[in-house]
Amino acid sequence: MALLNELSANLLSTCRDILPILVLIFGYQLLVVKQPLPNLKKLVPGIIYVILGLALFLTGLEMALFPLGEIMARQLSSPRLIAAGDTLPAVSHWYHYLQVYLFAAMIGFATTIAEPSLLAVAIKAREVSGGTISPNKLRVTVALGVAAGISLGTFRIVSGTPLTLYILCGYLMVTAQTFFAPKSIIPLAYDSGGVTTSTVTVPIVTALGLGLSAAIPGRNPAIDGFGLIAFASLFPIIAVLGYGQYAHWLNSRTPKHNPRNEHGL
Amino acid sequence: MNRSGQLSAFIRAVLSRQWQALVDLLPIIGVVLFFQLLVFRQPLPQLDQLLIGALFTVVGLSLFTQGLESGLFPMGETMAHHLAAKGSLSALLSFAFLLGFTTTIAEPALIAVSREAAEIAAQGQLIASEPAVLNRYALGLRLSVALSVGLAILVGVLRILKGWPLHYLIIGGYLLVMLMTTVAPKEIIGIAYDTGGVTTSTITVPLVAALGVGLASIIKGRNPLTDGFGLIALASLLPMIFVMAYGLLIFS
């Protein structure tokens with residue numbers, strides 16, 4: 001019964017999310033374009049699949065992943081695991097928290113692979129590139145970027161160093177890479193920063209940030225708890241640009257230039 | 001192809017999508033099992049619920065990808081084609097703005113973040129901690145984010161039309177973010193950085209990507225790969241600037 005309640009609540013909220021978009025699109029078709037949408041016979045089931053699919057996906061996540069993920073995020077910074085005692089040491093050294101960085105990296109990678117928006121962009125990228133961009137390679141590269149980003153983000157919370165410094169360095173890195181990366185990968189790389197943090201990643205990463213900053217002495221969840229998502233949206237850009245550069249370099253070393261794979265993914 | 005052949009092809013397609021969805025979810029299942037069983041050494045709580053939940057996510061994800069290709073992508077592309085064929089710049093730009101604005105203003109993740117932000121601002125004694133003040137602050141934050149996403153899609157569409165290189169806009173945006181960071185109150189910086197990531201929802205992303213790629217593929221001289229992408233990047237950058245500007249405006 002609880003299951004049905006949860007499912008119908010998610011169906012309702014997904015419908016509420018999609019309703020303004022449908023109103024906007026049909027409104028423009030009717031009043032501005034003055035043409036009916038072609039292929040309604042395919043479109044309508046497609047929209048229904050999206051609504052049903054997202055509602056099922058969310059319900060499943062809420063039942064299985066989110067409770068466990070939140071418990072795990074809290075347990076990670078428990079004194080029992082870090083100091084093998086009842087309280088955390090008053091002065092925390094960054095190397096006491098190695099398992100936190102490891103968990104952050106693993107959960108960042110895993111949630112990004114499951115992220116539906118990233119899947120959508122990867123499918124689109126394959127379509128647009130005529131199949132030369134492999135969706136799975138793109139997703140793994142992005143997920144590695146998120147893993148590195150969230151791991152570094154938890155290190156920042158533990159060490160209490162300023163967020164702005166990391167973001168500034170990240171921006172400088174992206175800017176420098178932009179000048180050397182193959183042109184065709186740049187817009188896709190920038191976009192992959194925005195799509196990584198969505199349905200699956202945000203709740204767990206937020207729980208991790210708030211839990212960690214509440215557990216560590218001297219950290220304020222209100223200020224230090226935020227910022228992990230910023231890391232998770234910046235580092236995939238560096239990862240995808242870096243992979244593009246690497247593949248381009250590999251390509252230029254082989255004597256036979258293969259123009260089909262210029263962007264490398 | 002006879003009817004039973006069609007049916008078996010359909011079943012094969014459905015099964016292959018389910019399989020792909022299962023593969024996509026394997027890393028999460030692996031991480032949860034690894035930490036729960038090996039690091040914390042605790043049994044999995046409520047195994048039946050976990051299994052049903054996992055089944056739901058697999059079926060849900062496969063249905064969603066099915067709907068992407070037959071629903072959301074064609075819808076975004078059709079809009080791009082129709083609006084470009086109409087040739088009215090104001091129609092195209094107003095559609096772009098409204099698409100960004102309407103999908104963001106009601107975004108549940110944004111509503112949650114702006115509520116939290118209001119509480120933090122009250123704790124930091126930047127605003128009075130009365131419910132009316134908190135609500136007004138949270139609404140103002142949501143409005144500035146929605147406005148900035150609308151504006152970002154508008155500018156992004158204009159960029160596709162004009163063929164401006166994306167990286168000038170993005171790097172210029174980075175500069176603005178850094179400038180704003182030096183003057184904005186520190187209570188809002190972390191939230192401003194995070195709002196960039198939470199604005200683009202799972203329904204908006206495919207639609208916006210299809211719109212951009214659709215536009216770039218029908219406008220002469222544009223390349224779908226270098227000109228079609230970039231809308232999402234702008235929609236995650238501009239909110240940071242607007243949220244810090246909102247903080248400056250309210251707190252000074």
Side-chain angles (χ1 to χ4, degrees), chain A residues 17-18 20-21 24-25 28 32-33 35 37 42-43 46-47 49-50 52-54 56-57 59-61 63-64 68 72 75 103 106-107 109-110 113-114 116-117 120-121 124 128-129 163-164 168 171 175 178 183-184 186-188 190-191 194-195 197-199 202 222-223 226-227 229-230 233, chain B residues 24-25 27-28 31-32 35 40 49-50 53-54 56-57 59-61 63-64 66-68 70-72 74-75 78-79 82 86 91 95 98-99 102-103 109 120 123 166-167 170-171 174 178 181 190-191 193-194 196-198 200 202-203 205-206 209 213 224-226 228-230 232-233 236:
Chain A
D17 283 353
I18 210 165
I21 303 177
L24 181 70
I25 288 183
Y28 262 75
V32 182
V33 179
Q35 266 180 53
L37 278 169
K42 258 187 95 182
L43 275 186
I47 301 298
Y49 284 150
V50 166
L52 261 179
L54 272 183
L56 275 173
F57 187 65
T59 310
L61 287 180
M63 283 173 68
L68 259 184
M72 284 160 66
Q75 276 177 336
F103 172 75
M106 286 168 74
I107 205 79
F109 181 88
I113 291 290
S117 343
V121 166
K124 203 79 211 164
V128 163
S129 68
L163 172 65
T164 312
L168 174 67
Y171 282 174
T175 308
T178 299
K183 288 274 166 296
S184 56
I186 292 173
L188 186 61
Y190 288 166
D191 265 7
V195 298
T197 45
S198 211
T199 328
V202 170
I223 291 178
F226 289 91
I229 295 174
S233 1
Chain B
D24 290 341
L25 290 163
I28 286 202
V31 170
V32 168
F35 271 88
F40 302 135
Q49 216 178 343
L50 282 181
F56 271 34
T57 44
V59 174
L61 194 59
L63 273 177
F64 175 77
Q66 158 83 12
L68 268 184
S70 59
L72 287 180
M75 211 154 76
T78 310
M79 281 317 285
H82 281 177
K86 194 162 189 319
F95 178 78
L98 286 174
L99 184 63
T102 51
T103 54
I120 290 167
Q123 277 171 26
L166 179 67
H167 56 271
I170 297 291
I171 293 171
Y174 286 170
M178 283 298 130
T181 304
I191 292 155
Y193 284 1
D194 275 3
V198 298
T200 40
T202 312
I203 299 171
V205 164
V213 167
L225 195 57
T226 50
F229 289 103
I232 298 159
S236 15

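It should be emphasised that the depicted structure is a prediction, and the values quoted were computed from it without experimental measurement. In the text below, chain A, chain B and the rest are named by the order of the sequence lines, each starting its count at 1.
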Tell me, side chain or backbone of [X] under 4.5 Å from chain A's heavy atoms, or both, or neither?
{"X": "B:Ile170", "value": "side chain"}
{"X": "B:Thr226", "value": "both"}
{"X": "B:Met75", "value": "both"}
{"X": "B:Ile171", "value": "side chain"}
{"X": "B:Ala91", "value": "both"}

Less than 4.5 Å apart, side chain to side chain, heavy atoms only: is that true for [X] and [Y]?
{"X": "A:Leu56", "Y": "B:Phe64", "value": "no"}
{"X": "B:Leu50", "Y": "A:Leu68", "value": "yes"}
{"X": "A:Pro20", "Y": "B:Thr103", "value": "no"}
{"X": "A:Val121", "Y": "B:Phe229", "value": "yes"}

With B:Phe35 via ring-ring contact (aromatic ring centres under 6.0 Å, His included) - residues at least two apart: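 Result, ring-ring contact (aromatic ring centres under 6.0 Å, His included) vs B:Phe35: A:Phe103.
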Atom group of [X] that falls short of 4.5 Å from chain B, counting heavy atoms:
{"X": "A:Thr175", "result": "both"}
{"X": "A:Val202", "result": "side chain"}
{"X": "A:Val32", "result": "both"}
{"X": "A:Ile18", "result": "both"}
{"X": "A:Ser117", "result": "both"}
{"X": "A:Ile21", "result": "side chain"}

Taking B:Thr181, B:Val32, B:Leu25 one by one, which has the highest count of heavy-atom pairs under 4.5 Å against chain A?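 Counting heavy-atom pairs under 4.5 Å, the top option is B:Val32.
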Counting heavy-atom pairs closer than 4.5 Å to chain A, which one of B:Thr102, B:Asp194, B:Leu72, B:Thr78 comes out on top?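 Ranked by heavy-atom pairs under 4.5 Å with chain A, first place is B:Asp194.
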Between the main-chain N or O of A:Ala114 and the side-chain N or O of B:Asp24, is there a donor-acceptor pair closer than 3.5 Å?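 Not a single qualifying donor-acceptor pair exists.
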Does the side chain of A:Thr199 come under 3.5 Å of the side chain of B:Thr202 through a donor N or O and an acceptor N or O?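 Present: a donor and an acceptor within the cut-off.
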Nearest 0.5 angstrom please: A:Leu54 CG to B:Leu61 CG, how far?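 If we round to the nearest 0.5 Å, A:Leu54:CG and B:Leu61:CG are 9.0 Å apart.
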When rounded to the nearest 0.5 angstrom, what is the spacing between NE2 in B:His167 and OH in B:Tyr174?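 Output value for this atom pair is 12.5 Å.
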What residue in A:Val195, A:Ile107, A:Ile186 has the most heavy-atom pairs under 4.5 Å with chain B?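 Highest number of heavy-atom pairs under 4.5 Å: A:Val195.
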